[in-house]
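Note sheet for the following structure.
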Amino acid sequence: MERAAVDRVGGMIRLENVSKTFPGATRPAVDRLDLDVPDGTTCVLIGPSGCGKTTTMRIVNRLIEPSSGRIVVEGQDVTRADAVELRRRIGYVIQQVGLFPHMTIAQNVATVPQLLGWPGPRIASRVEEMLSLVGLEPAQFLDRYPRHLSGGQRQRVGVARALAADPPVMLMDEPFGAVDPIVRAGLQAELLGILRRLAKTVIFVTHDIDEAIRMGDLVAIMKDGRLVQCARPEALLSAPKDAFVADFVGADRALKRLTLTTAGEAAAPTSAGPGAPVVSAATSLRDVLSLLLACGADAAAVVGVSGTPVGAVSLATIRERAAARTS
Amino acid sequence: MLGDILAWLADHPGAFETAASRHLALSITALIAAMALALPLALVLVRWHHAAGSVIAAVNVLRTIPSLALLAAILPLLGTGFLPSVIALTLYGLPAILINTHTALREVDPDVVEAGLGQGMTPRQVMRRIRIPLGLPVIFAGIRTAAVQIVSAATLAAFIGGGGLGELITAGMGTLNIAELVLGGLAVAALAMATELFFAGLEWSVRRSTGLAA
């Protein structure tokens, strides 16, 4: 699976030596954190409960003020800038969504454009555009109230609301945490597509390592307020920095690495042999492995979107990929 | 009994109307005054929440004072008549409005408030666009409670020369005129119920218009 933009110097979001200690706390919630999120990438903050990931995210839009350090967004030092104006440039999505129950879906999505003083017609067309983007038919949803929607639909509205004013930066705090697992996978895929297309810079908080690997261009593992390792998913999975990270990503990290490559990407232009199972090019290598083990086969034939043969993936290839080290 | 009541009404033309309209005047004035004091104060207390604790505690003390005692306490300070009665009744109705309003505004779903702040609303915008609209049902309930409390307590204004339907009760007790006594009692009860129904209807229509009804 292709990963996003190349790193550039001076990312869209930078936290420089940021610390936060809450009054009466024995240790800092965030401890001298340095984070650099390049333009157009998604950085996932993950770690055990109390590691400071949500606090860190909320420092970016100053819902929590740092005790020390600098926050730089779009190249500007915003540590002491007008927080309200800053938040109108940053999309904000939380787990419980927080839709305004006394307003229609349309009014909810229009929130930031209204705060920014956009003209009425522009707001109206933008609201429709955003609802369509998140897969909600505008005519059907504009005038409904949040209580009429399912959890998944509400979170889609939450995302639409965050994107409405076209902010360059998005903060998302476990946006799919309150949604059931089946719906969640679909939402993750859709969101991934949207964020790629719009080239947003995102900080995404989760406690789910699989979600982190799926959604993140960069994954930052935190513990006790400190950043332990920040790397691309492949790097994190093949070279965890210490026992804590290795433990956190899971003992099955070799299998997790296999989810990062599709059959189409790994296929060799050979034949899998007669009677071989067939997989689509979009299948992850992990699922291919599972299938081969179940069938007792050594290779699978890979077909493209229209059924055209692409090649074959063998167990040997998979073994190679699972063991590969990043250079 | 009904016959006796009608006879009394015939013998005392205008007496009932005077008492009733005075009762309404006392109640309405006190309710408006209580709202004028309590509503802004509640808003202030939401912002300055460190002060809120002690102010609410002080107001709660007011709530424990029986209405008659409150009226009696006003007597040496302000004398008798309409104004002292209104003041006492205002103090009596104030706690319900203040406490309900403050609670309603503070206890709005914190996720909704957080979402509002996260989108870039100022605290004032959060108050105007989120807390107040969502708190309106509980605020209304507080006003409704205060209204009924005031209407009932206004009966006792008779004891400090404030007039009202209580006068029918006290006079009836004094002269052992049961018809007058019962008329006064029934009238106050009816007025209290009507007040309750009026505000309940208002609350229902407010809920409907803010889209919070099912």
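A note on names: the letters A, B, ... follow the listed sequences, proteins ahead of strands, and every chain is numbered from 1. Owing to the predicted nature of the structure, the values given are computational and were not obtained by experimental measurement.
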Give me the atom names and distance for the closest heavy-atom approach of [X] to [Y].
| X | Y | value |
| --- | --- | --- |
| A:Arg87 | B:Gly120 | CB-CA, 3.8 Å |
| B:Ala115 | A:Gly98 | CB-O, 3.2 Å |
| B:Thr122 | A:Arg88 | CG2-NH2, 4.2 Å |
| A:Tyr92 | B:Gln119 | O-NE2, 3.4 Å |
| B:Leu134 | A:Pro101 | CD2-CG, 3.6 Å |

Can you tell me which portion of [X] sits under 4.5 Å from chain B's heavy atoms? Options are side chain, backbone, both or neither.
| X | result |
| --- | --- |
| A:Arg62 | neither |
| A:Leu99 | backbone |
| A:Gln114 | side chain |
| A:Val93 | neither |
| A:Ile90 | backbone |

Query - Flag if over 12 foreign heavy atoms under 6.0 Å of CD1, A:Ile182 - result: no

**Report entry** CG on A:Leu63 to CG on B:Leu117, rounded to 0.5 Å
**Finding:**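 CG of A:Leu63 is found 6.5 Å from CG of B:Leu117.
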
Query raised in the report: How far does OG1 of A:Thr111 sit from CZ of B:Arg129, to the nearest 0.5 angstrom?
Result: 8.0 Å

Query raised in the report: Based on non-hydrogen pairs under 4.5 Å, which of A:Ile94, A:Asn61, A:Thr104 is most in contact with chain B?
Result: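 Counting heavy-atom pairs under 4.5 Å, the top option is A:Ile94.
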
Query raised in the report: Relative to chain B, which of A:Glu85, A:Gln96, A:Arg89, A:Gln95 shows the most heavy atom pairs under 4.5 Å?
Result: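 So the answer, after comparing A:Glu85, A:Gln96, A:Arg89, A:Gln95, is A:Gln96.
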
